[in-house]
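Here the structure is laid out as structure tokens; the discussion comes afterwards.
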Amino acid sequence: MATGMHCNASKIIFQYAESLRKNMTEAEKIVWDQLSNNKLEVRIRRQHPLGNYIADFYCHKLKLVIEIDGGIHLSKENKDSDMNRDIMMTEYGIKILRFTNHQVLQNVEKVVEEVKMTIQELKREATPKSPEGGLVNSFYTW
């Protein structure tokens with residue numbers, strides 16, 4: 001539970017994440033409706049523990065975090081915490097997308113489109129290439 005895709009998160013962080021899943025913000029609910037059930041052809045988890053932090057949404061396969069920031073993220077203390085969390089996640093090779101509640105509530109389609117484009121970009125980066133630069137077939141041809 002405390003290693004791998006959770007970056008050594010503690011039991012307390014897991015408990016807090018469970019509480020957050022039960023009490024999502026309106027913006028988080030709207031985004032979750034667009035991301036859940038493999039709608040973007042990748043598994044995305046909500047309120048996912050990563051080290052001492054909890055990502056609003058996380059795709060482990062692509063190492064992608066999607067954050068929906070409310071007004072609380074404007075305070076100096078929370079800006080510092082967000083910066084520290086971004087540093088930690090970057091050290092683990094995780095890409096972070098941030099959106100505000102306002103962006104989600106005003107134009108969720110644009111938010112989802114940016115998430116889709118990022119997913120496609122990360123999938124392309126993860127596709128193995130042959131030494132000649134072409135894509136490697138990932139299936140047998142016998």
Side-chain angles (χ1 to χ4, degrees), residues 1-131 133-141:
M1 171 167 66
T3 61
M5 74 165 67
H6 297 101
C7 303
N8 298 315
S10 70
K11 184 177 180 178
I12 293 169
I13 296 293
F14 277 88
Q15 291 169 341
Y16 187 50
E18 184 177 348
S19 171
L20 290 174
R21 281 191 291 276
K22 293 176 183 175
N23 298 294
M24 294 173 67
T25 67
E26 188 60 30
E28 290 170 341
K29 289 177 188 176
I30 290 168
V31 171
W32 182 238
D33 185 56
Q34 300 294 313
L35 303 180
S36 62
N37 298 320
N38 287 341
K39 288 178 183 154
L40 301 183
E41 300 178 5
V42 291
R43 181 171 184 198
I44 297 177
R45 302 163 187 271
R46 63 191 172 111
Q47 304 303 335
H48 183 83
L50 290 167
N52 293 326
Y53 303 100
I54 299 169
D56 290 337
F57 303 100
Y58 180 61
C59 174
H60 180 64
K61 180 178 181 180
L62 299 174
K63 292 193 172 216
L64 173 64
V65 163
I66 302 158
E67 288 294 313
I68 311 301
D69 294 341
I72 195 167
H73 291 269
L74 299 175
S75 75
K76 168 127 176 65
E77 181 180 303
N78 283 319
K79 282 183 179 182
D80 291 344
S81 177
D82 285 346
M83 185 176 68
N84 290 333
R85 122 199 282 230
D86 288 357
I87 290 168
M88 184 280 297
M89 289 183 190
T90 302
E91 288 173 354
Y92 279 100
I94 297 170
K95 180 172 179 71
I96 304 156
L97 285 179
R98 285 190 177 278
F99 302 98
T100 64
N101 282 350
H102 180 76
Q103 288 173 304
V104 170
L105 297 173
Q106 295 301 309
N107 194 348
V108 70
E109 295 84 9
K110 186 173 181 180
V111 168
V112 171
E113 188 57 36
E114 187 167 338
V115 172
K116 283 180 184 178
M117 289 186 329
T118 301
I119 287 171
Q120 293 308 314
E121 174 186 314
L122 292 172
K123 282 182 173 181
R124 278 192 302 276
E125 290 174 6
T127 303
K129 299 200 184 317
S130 72
L135 296 180
V136 173
N137 286 335
S138 59
F139 56 90
Y140 295 102
T141 58

**Q.** Set of residues satisfying ring-ring contact (aromatic ring centres under 6.0 Å, His included) with respect to His102, sequence neighbours excluded
**A.**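 Expected list: none.
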
Q. Asp33: what forms a side chain to side chain donor-acceptor pair (under 3.5 Å) with it, not counting sequence neighbours?
A.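 By the side chain to side chain donor-acceptor pair (under 3.5 Å) rule, Asp33 matches no residue at all.
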
Q.
I'd like to know whether NZ of Lys123 has more than 12 heavy-atom contacts from other residues, nucleotides or ligands below 6.0 angstrom.
A.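 Result for NZ/Lys123: enclosed.
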
Q) With respect to Ile119, which candidate in Ile66, Leu40, Leu97 satisfies the side-chain contact (heavy atoms from CB on, under 4.5 Å) definition? A)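 Among Ile66, Leu40, Leu97, the one that satisfies the side-chain contact (heavy atoms from CB on, under 4.5 Å) with Ile119 is Leu40.
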
Does the side chain of [Y] come within less than 4.5 Å of [X]'s, by heavy atoms?
X: Glu114; Y: Lys110; value: no
X: Ile68; Y: Asn101; value: yes
X: Val115; Y: Gln34; value: no

Closest contact, heavy atoms only, [X] versus [Y]:
X: Val104; Y: Ala27; value: CG1-O, 3.5 Å
X: Tyr58; Y: His60; value: OH-ND1, 3.1 Å
X: Ile13; Y: Pro49; value: CG2-CB, 3.7 Å

**Q.** Qualifying residues under side chain to side chain contact (heavy atoms under 4.5 Å, CB included), relative to Tyr92, sequence neighbours excluded
**A.**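 Counting only residues at least two positions away or on another chain, Tyr92 forms a side chain to side chain contact (heavy atoms under 4.5 Å, CB included) with Cys7, Asn8, Met88, Ile94.
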
**Q.** side chain to side chain donor-acceptor pair (under 3.5 Å) contacts in which one or both residues fall within residues 37-54, not counting sequence neighbours
**A.**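 Of all non-adjacent pairs touching residues 37-54, those that pass side chain to side chain donor-acceptor pair (under 3.5 Å) are Glu28-Gln47.
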
Q) Does any pair with a residue in residues 16-25 pass salt bridge (charged side-chain N to carboxylate O under 4.0 Å, His left out), and if so which ones, sequence neighbours excluded? A)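 Those involving residues 16-25 are Glu18-Lys22.
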
Q. Can you name the salt bridge (charged side-chain N to carboxylate O under 4.0 Å, His left out) partners of Glu26, sequence neighbours left out?
A.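 With sequence neighbours excluded, Glu26 shows a salt bridge (charged side-chain N to carboxylate O under 4.0 Å, His left out) to no residue whatsoever.
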
